[in-house]
Amino acid sequence: MDTPTFPNYIGGHWIDRGQHFENQNPARADEIIGLFAQGTAADIEEAAAAAAAALPAWANLNAPARGAILYKAADILDRRFEEVSADMTREEGKTLPEAKGEVRRTINIFRYFAGEGARLAGLLAPSERDRVHMFAIRKPVGVVGLITPWNFPSAIPAWKLAPALICGNTVVLKPASAAPLSAWRIVEALDEAALPAGVVNFVAGPGGALGQALVQAPPLKAISFTGSCGVGNWLHKEASARRLRIQLEMGGKNPTIVLADADFTAAVENTVNAAFFSTGQKCTATSRAIVEEAIYDRFVDALVERTRQLKVGDGMQPDTHIGPCVDQAQLDTVLHYIEVGRREAGAPRIGGQRLTSGDLARGYFVAPTIFAGVAPEMTIAREEIFGPVLAVIRARDFKDALRIANEIPLGLSASIQTTNVSRVFEFVYGMEAGLLTVNLPSAGVEYQLPFGGTKESSFGPKEQGPAALEFYSDYKTVYLKY
Ligand code: NAP
């Protein structure tokens, strides 16, 4: 069978200029899922111009009518649910149930923001002056650039696209090169839902060249980025020089604090789930378990035993728990940190190697790895690895655990496992992270409330829930004497 090709989408036209890059299945690196049209800086400029041309009509269309198009796109994705989910497993490697969960979330995000079309309220306040009526109307920001990572290749594009569109902005989307198909499927659905030409533009290709072109594109008014700290910090400089509105969601090194009074079995399950599911490639994954001394040894033993039961393999197989790393570069990064961990903390208690037996040799598989006896100052306790590697750190008590959890510069998500309600509240108020969970895995957020981190993990307004509307809209305030 011929390998399918996936064009870019600019000004309502599907465009393929003949240069392609491969979208590879990380579970079977010899399987090419598709060839994507390789966009250029000129394509980005054209896409930004198309978005600028489409802006006035889209911004002036009433918001419920914009919402109707988002509902329609959601229905199209829902009809293709099985196919779109399988695409995601094949391009990113996560298991099919995880991919289905993400596609369901994408559909829900579109419906949630479609509904906002009927609620998109401005502000009204009483004036101090007689016979003065004052109000603020909500306006779109303009042409918005969206840059997304590969680990949630559908949900992250969705949680940027849907609020941007409902607020009346037009968009240039640059997806991650390692997993562009899931975002392409959303654009395909929007096209079929009769989104007017130019409102959404999709350009795939190398982040460096396209990112530079996007941030420099004259019509651009705002940029929303999710990805690594290095790229985000560079973008921040470039975007600030142009006074673009900017939103950055970046790396994490998320802790799960486990106290001696926790429900032991649930704490083990939550920690293993957050550390290893989706191959540890969730930005909210736990990579540090900070465990109270009184249960430390028993807890490490239980983590190791539970991890031993996890089956690593192709995410399309129904008995697989953990899929591959997304590509060779990510595999190399994970193996590098495992070597660093060996030097710092000694042999891992479980895992620590690439898996190559049988069919696993075709993909980028790593055994889920646990290092015990990790000190807070070690590299594997401080730097994001973004793979199935867990560092277990000993803490004297809750205060010590919270201190360790907070002493790194990143602050995306954090979890506590405890039955002590006072500790829960001390954690809620004292933990320096934007997303907290209690007696749940650190990963696993919904779309109805604000999402985002603090400290060096994030910059700018939060995403998702009602908060998302603030980034994608502006106010025009009116004072009216009658
Ligand atoms: P990445 O390398 O920073 O890439 C993210 C996106 O930026 C990709 O589309 C990439 O394109 C593009 N890019 C690369 N260089 C660029 C440049 N110079 N200018 C503009 N764009 C550029 O990150 P990743 O490896 O895809 O994702 C993993 C990272 O994302 C982790 O650090 C993870 O914690 C973070 N993440 C954070 C959140 C959150 O909400 N905080 C959520 C998910 C992931 P190419 O793919 O073509 O290189």
Side-chain angles (χ1 to χ4, degrees), residues 21-24 26 36 38-41 44 91-92 94 102 145-160 172-184 202-217 220 223-239 244 246-254 278-287 325-334 383-387 410-413 433-435 442-443 445 447 450-464 468:
F21 68 95
E22 293 179 346
N23 186 16
Q24 189 186 53
F36 273 77
Q38 174 139 329
T40 60
I44 289 280
E91 76 166 347
E92 201 271 353
K94 64 180 67 182
E102 183 175 340
L146 309 178
I147 302 180
T148 55
W150 45 263
N151 66 329
F152 285 99
S154 178
I156 295 179
W159 80 51
K160 294 182 192 296
V172 178
L173 169 64
K174 180 354 232 162
S177 299
L181 180 54
S182 299
W184 193 92
F202 171 100
V203 184
L210 300 195
Q212 176 87 46
L214 187 58
V215 77
Q216 296 301 339
L220 213 72
I223 193 154
S224 177
F225 166 84
T226 302
S228 59
C229 292
V231 173
N233 292 337
W234 173 80
L235 262 178
H236 182 220
K237 256 197 349 244
E238 298 286 311
L244 299 185
I246 184 153
Q247 178 180 57
L248 305 170
E249 284 302 337
M250 302 174 285
K253 185 72 187 172
N254 311 307
S278 294
T279 324
Q281 297 179 143
K282 292 178 183 169
C283 48
T284 48
T286 286
S287 57
C325 296
V326 74
D327 58 15
Q328 181 73 49
Q330 200 59 32
L331 173 70
D332 292 345
T333 301
V334 171
E383 293 184 10
E384 183 179 50
I385 300 173
F386 222 53
L410 299 172
L412 188 54
S413 78
L435 299 160
S442 67
V445 300
Y447 54 89
F451 173 95
T454 183
K455 302 207 284 192
E456 292 180 18
S457 289
S458 303
F459 182 83
K462 295 275 190 269
E463 302 203 80
Q464 305 202 62

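Both counts, for ligands and for their atoms, begin at 1 and track the order of listing. From a predicted model like this one, the values you see are computed outputs, not experimental measurements.
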**Student:** Establish, yes or no, whether the cationic atom of K94 lies under 6.0 Å from the six-membered ring centre of F152 and within 45° of the ring axis.
**Tutor:**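 Judged by the rule (NZ or CZ under 6.0 Å from the ring centre, within 45° of its axis), K94 counts as positioned above F152.
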**Student:** Taking the six-membered ring for Trp, are W184 and F36 parallel (under 30°), tilted (30 to 60°) or perpendicular (over 60°)?
**Tutor:**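 The rings of W184 and F36 stand perpendicular, inter-plane angle above 60°.
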**Student:** So how far is it from L412 CG to E249 CD, rounded to the nearest 0.5 Å?
**Tutor:**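 Result: 6.5 Å between the selected atoms.
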**Student:** With sequence neighbours left out, what residues match A468 under side chain to side chain contact (heavy atoms under 4.5 Å, CB included)?
**Tutor:**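 So A468 forms a side chain to side chain contact (heavy atoms under 4.5 Å, CB included) with F113, P163.
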**Student:** Taking NZ, NE, NH1 and NH2 as the nitrogens, is one of them in K160 or E463 under 4.0 Å from a carboxylate oxygen of the other?
**Tutor:**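 Counted as a salt bridge, because a side-chain N and a carboxylate O are separated by less than 4.0 Å.
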**Student:** Pairs under 3.5 Å, N/O atoms on ligand 1 and on the protein: can you put them in a table with the distances?
**Tutor:**
residue, atom, partner, partner atom, Å
ligand 1, 3 (O), S228, N, 2.8
ligand 1, 3 (O), S228, OG, 2.6
ligand 1, 9 (O), T148, O, 2.8
ligand 1, 9 (O), K174, NZ, 3.4
ligand 1, 11 (O), K174, NZ, 2.9
ligand 1, 23 (O), S228, N, 3.4
ligand 1, 25 (O), W150, NE1, 3.0
ligand 1, 26 (O), W150, NE1, 3.2
ligand 1, 30 (O), G227, O, 3.3
ligand 1, 32 (O), E384, OE1, 2.6
ligand 1, 34 (O), E384, OE2, 2.6
ligand 1, 41 (N), M250, N, 3.3
ligand 1, 41 (N), M250, O, 2.7
ligand 1, 46 (O), S177, N, 2.8
ligand 1, 47 (O), K174, NZ, 2.9
ligand 1, 47 (O), S177, OG, 2.5
ligand 1, 47 (O), G205, O, 3.3
ligand 1, 47 (O), G207, N, 2.9

**Student:** Measuring from T284:OG1 to F451:CZ, what's the distance to the nearest 0.5 Å?
**Tutor:**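 Reported value, rounded in 0.5 Å steps: 6.0 Å.
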